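Presented below is the structure to which this report refers.
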Amino acid sequence: MNNHVTVLEIDGNALLHNLNYFKKKLKPATKILAVVKAFGYGSDGVQVAKFLEDKVDYFAVAYSHEGIALREAGVKTPILVLHPLVQNLQSIIDFKLEPNLYSFTILNAFLKLADETPLMNYPIHLKFNTGLNRLGFWHTDIPKILSILKETNHIKVQSLFSHLAASEDLEEQDFTINQINNFTAIVQQFYNHLAYEPMLHILNTSGVVNYPKAQFDMVRIGIGLYGFGNDKLETSKLKNTHNLKSIISQIHTIEPGETVGYNRAFVAKKQTRTATIPIGHADGISRRLGNKKGYVIINNQKAPIVGNVCMDMIMVNVSKIDCKEGDEVIIFNNQEMIQNIADVSETIPYETLTAISQRVRKLLK
Ligand SMILES: *Cc1c(COP(=O)(O)O)cnc(C)c1O
């Protein structure tokens, strides 16, 4: 049992607000796939999925064990595994997960299992590479894929999909539109030669914002669900879902010339009051936030981090703050604070959120 006092509160109302915000942007018939990979972007994929299960059409995870965790928690919604590996295919079948088959290696491995089991019309998804050059078949693979599909009734193509490389970047509009057009041409070949029409999807969060015309049958929303849009304006319409909190463990008063923390990185010029907080780099607080680059909020005031971030703790300057041991500490509770941490750490909110480690207690409220 995790009884840690450092807790990430996941705001259920904010999740719903964000989901509805995107629903309103889409046609009523467009299905929504909620991306809950990487522990629901650093929150808790199981709690988020349980909360959203009757409000979305699909979930996606990156790896099969993430999907297994959802099934073990009783989630019945279809789950797309974006990046299955051959070694995981049996467990994908065992837990009724739906694999993305993105190469002949994994397609043939899955067909072999489907044949041995045997499976009947098992839902699979085919991903095409249209320019990201990460995972996916090439359009030149289509004739071979079609001939494989014609010879089996063990699998059924539930969807055809692709992923945009730069949907957030309007300077890459030509490239993105080209990806969408390539996808449309790929789809056409399947629709011409298959007896049924698989679902289609290509948009992630910023794709929905910038290219809503390409919503096809479903969209895959990740970061938007967790409160971040394409830009400041879009983000301002979303609500923050990740609230990271702790408490003050101990307060010290140190004299001029004394130092705080490892490598004696902070040297007190005058008498200084510091508070020690039970959260450190092992919890996802980057060491780059040390030495006054990052701050926390105590009793509505900013307390800068002094010295180096330790593995399990940070020390903050509370000389000007009226506070005592046991008081609440807010690491972040809005998008601006998360963006600031990302900026100072020279990264993006995706990484700041997913860095929140498993040691932090997660609680959906
Ligand atoms: C992670 C991921 C998404 C979600 O992207 P966001 O930008 O977080 O909305 C969608 N599709 C694929 C293939 C992904 O890997």
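For ligands, and for the atoms within them, numbers begin at 1 and follow the listed sequence. From a predicted model like this one, the values you see are computed outputs, not experimental measurements.
Atom CG in Leu353 sits 8.0 Å away from atom CG in Asn240 (nearest 0.5 Å). Atom CD1 in Ile180 sits 8.5 Å away from atom OG1 in Thr130 (nearest 0.5 Å).
Of all atoms in ligand 1, listed by their number and element, those nearer than 4.0 Å to a heavy atom of Lys127 are 13 (C). Taking a cut-off of under 4.0 Å to the non-hydrogen atoms of Arg134, the atoms of ligand 1 that pass are 15 (O). Residue Arg220 approaches ligand 1 through these ligand atoms, each under 4.0 Å from one of its heavy atoms: 9 (O), 10 (C), 11 (N), 12 (C), 13 (C). Every atom of ligand 1 with a heavy atom of Lys37 under 4.0 Å away is listed here by number and element: 1 (C), 2 (C), 3 (C), 14 (C), 15 (O).
With sequence neighbours excluded, no residue forms a ring-ring contact (aromatic ring centres under 6.0 Å, His included) with Phe175.
Looking at ligand 1, you won't find any N or O of Leu82 less than 3.5 Å from one of its N or O atoms. At least one N or O atom of Ile223, backbone or side chain, sits closer than 3.5 Å to an N or O atom of ligand 1.
Note on Lys365 versus Glu9: salt bridge recorded, some NZ/NE/NH1/NH2 to OD/OE distance being below 4.0 Å. Ionic pairing of Lys324 and Asp327 is present here: one or more N-O contacts between side-chain nitrogen and carboxylate oxygen are shorter than 4.0 angstrom.
Ser167 and Leu164 get closest at one heavy-atom pair: CB-CD1, 3.7 Å.
Within the 4.0 Å heavy-atom cutoff, Tyr41 counts among the residues contacting ligand 1. The shortest separation from a heavy atom of Tyr350 to ligand 1 is under 4.0 Å, placing the residue in contact. Remark: distances from the non-hydrogen atoms of His201 to ligand 1 are all 4.0 Å or more.
Annotation: atom 12 (C) of ligand 1 to nearest protein heavy atom, His163 CE1, 3.4 Å. Protein heavy atom nearest atom 9 (O) of ligand 1, with residue, atom name and distance: Thr205 OG1, 2.5 Å. Ranking protein heavy atoms by distance to atom 5 (O) of ligand 1, first place goes to Asn204 CB, 3.5 Å.
Here the two rings, on Phe110 and His154, have centers that are 6.0 Å apart or farther.
Residue pairs satisfying the salt bridge (charged side-chain N to carboxylate O under 4.0 Å, His left out) criterion with at least one member in residues 232-242, sequence neighbours excluded, are listed as follows: Lys25-Glu234.
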